[in-house]
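The analysis underlying the following values was restricted to heavy atoms, covering all of them including side chains, and did not include hydrogens, waters or symmetry mates. Every chain is numbered from 1, with letters handed out A, B, ... down the list of sequences.
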Number of protein chains: 2
Amino acid sequence: MPKPMREPTFWTLTALAGGPQHGYGVMREVSRLSGGQVTLLAGTLYTALDRLHAEGLVEVDREEVVDGRTRRYYRLSVCGTAALASESERLQRNAQTARQQLYGRSAPTFEPGGSPA
Amino acid sequence: MPKPMREPTFWTLTALAGGPQHGYGVMREVSRLSGGQVTLLAGTLYTALDRLHAEGLVEVDREEVVDGRTRRYYRLSVCGTAALASESERLQRNAQTARQQLYGRSAPTFEPGGSPA
DNA sequence: GACCTATATTCAGATCATCTTTATATTGGC
DNA sequence: GCCAATATAAAGATGATCTGAATATAGGTC
C-alpha cells in the first residue's frame, strides 16, 4: 500500500487526469476543479512536479514557447493514473468509514431506503 | 477552510467518533476500521493526541488504572466532531473530482439513472 | 530462568512534503 | 511608472509523521 498523498500532490495529478497541462495551467485547473477552494502555491507545485517526474507518475508531454515564456507540459503516466485511481478509492473508503462512525453504522453514501428514523 | 488533515489525525478522530477510547484502544480500533490496512505508530498517536487536545478537538474523558497501567480515555469534542464531519465531506468531494477527471464527466458515486452506456 | 508478545505511554531525533519568500522575465491595463 | 497576470525556479522554515528506544506489568513458551 503506497503512502497516502498530500493535498497538492493529489490535486496536481487530478488536474493532469483531464489532459496534459503546463505548471501554470495546473494551478488554474486546480482552482477551477475545487471551486476556488484550493490554491496551489507556485513553489509547492513546481517542486511537486519535479518529484512526481522523478517518481515516474508524470511525464513531460512537450515544451512550447509562447510570448518568450517557456511552457513545459506534463501528462499522467500509466503509473500516475493508477496511483490517482487508487488514491481516490482510498479517499472514498476513508470518507465512508468516518461517516459510519459519526452517524451510525447505517448511512452509506445516501440512505438506501430512507433514513432509519 | 481548515487545513487538510493528515492520515493519522483523520484516523484518530474517526476511531474516537465511535466513542471514548484510550490511546492503545485507538490503535486497535484504527486497525480494525481500516481492515488492517492502517497501523498507527505509538509515537505518532500519542503526539497527535496531545496536539488534538491542545487544539480542542479531543477532550479527556476519564482515567482508569488497570493492572497497574494507566489508561487515559479521550473523546471527540463538539469541534472535533464538526472537524471530522467537514473533513469526510471534503474527502468525498476530492474522490469524486478525481474520478470525474479520470473516467469522464459522467460517473458520480453510483449512476443516478443507469449507466450512460 | 530467559524470552517474546500484548498492553500502555513517553520522548528524542530524523525525514520530507509543503509553505514562505524571493528572483527573473514578458505582456497588457491604468 | 506601477500593478496584475503569465511562467518558472530556488533557498530556507515549518511541522506532522516516522523511527527507534525506554519504561513497566502480565501471560505464554521453551
Main-chain N/O of [Y] paired to [X] side chain as donor or acceptor, under 3.5 Å:
| X | Y | answer |
| --- | --- | --- |
| B:Thr9 | B:Met5 | no |
| B:Ser86 | B:Ala82 | no |
| A:Thr97 | A:Arg93 | yes |
| A:Thr14 | B:Ala98 | no |

Worksheet entry | Between B:Gln21 and B:Arg28, a side-chain donor and acceptor under 3.5 Å |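 On atom types as modelled, these side chains do not qualify, holding no pair under 3.5 Å.
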> Just by distance, with hydrogens left out, do B:Arg90 and A:Gln37 show a side-chain donor and acceptor under 3.5 Å apart?
Replying inline: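 Not at all, the side chains of B:Arg90 and A:Gln37 share no donor-acceptor pair under 3.5 Å.
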Q. Which nucleotide of DNA chain C is the first, and which the last, in the 5' to 3' direction, to come under 4.0 Å of a heavy atom belonging to chain B?
A.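 Boundary nucleotides touching chain B, in 5' to 3' order, are C:dA6 to C:dC11.
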* Could you give the start and end, 5' to 3', of the contact zone on DNA chain D for chain B, using atoms under 4.0 Å from its heavy atoms? ->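 Range of nucleotides touched by chain B: D:dA16 to D:dA26.
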Can B:Thr70 and B:Glu64 be said to form a side-chain contact (heavy atoms from CB on, under 4.5 Å), step by step? CA-CA 6 Å; B:Thr70 301; B:Glu64 286 178 6; over 6 Å; no
Assess whether a salt bridge exists between A:Glu7 and B:Arg6, defined as any Lys/Arg side-chain N lying under 4.0 Å from an Asp/Glu carboxylate O.
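Between B:Arg6 and A:Glu7 there is no salt bridge, as every charged N stays at least 4.0 Å from the carboxylate O atoms.
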Notebook entry, point to check: Is the A:Tyr73 ring parallel, tilted or perpendicular to the A:His22 ring (thresholds 30°, 60°)?
Noted result: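 Aromatic pair A:Tyr73/A:His22 classed tilted.
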At a heavy-atom distance below 4.0 Å, what parts of residues 79-89 of chain A sit against DNA chain C?
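By residue number: none to list.
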| said: Within residues 38-58 of chain A, which residues have any heavy atom lying less than 4.0 Å from an atom of DNA chain C? | reply: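 Heavy-atom contacts with DNA chain C come from A:Leu41, A:Gly43, A:Thr44, A:Thr47, A:Arg51.
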| field | Earlier contact from the 5' end, DNA chain C, for A:Arg69 and B:Tyr73 | value |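 Closer to the 5' end of DNA chain C: B:Tyr73.
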Let me spell it out: for each of A:Asp67 and B:Met27, pick the nucleotide of DNA chain C with the closest heavy atom. Which residue's pick is nearer the 5' end?
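First, find each residue's nearest nucleotide; the 5'-ward one identifies B:Met27.
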Q) On DNA chain D, nearest-nucleotide positions of A:Arg71 versus B:Thr9: which is more 5'? A)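 Counting from the 5' end, the first nearest nucleotide belongs to A:Arg71.
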*For B:Arg6, report the nucleic acid contact type (base, sugar-phosphate, nothing); a contact means any heavy atom under 4.0 Å.*
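The answer is base, as B:Arg6 lies within the cut-off (heavy atoms under 4.0 Å) of a base atom.
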**Asked** With B:Arg51, which residues qualify under salt bridge (Lys or Arg N to Asp or Glu O under 4.0 Å), at least two apart?
**Response**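 By the salt bridge (Lys or Arg N to Asp or Glu O under 4.0 Å) rule, B:Arg51 matches B:Glu55.
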Could you pull out all residues at least two apart from B:Asp61 that satisfy salt bridge (Lys or Arg N to Asp or Glu O under 4.0 Å)?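 Result, salt bridge (Lys or Arg N to Asp or Glu O under 4.0 Å) vs B:Asp61: B:Arg75.
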Smallest separation among heavy atoms of A:Gln101 and B:Ala15, with atom names:
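Minimum heavy-atom contact is NE2-O, 3.6 Å.
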Verdict with reasoning, A:Leu33 to A:Val38, per side-chain contact (heavy atoms from CB on, under 4.5 Å): CA-CA 9 Å; A:Leu33 288 170; A:Val38 179; over 6 Å; no
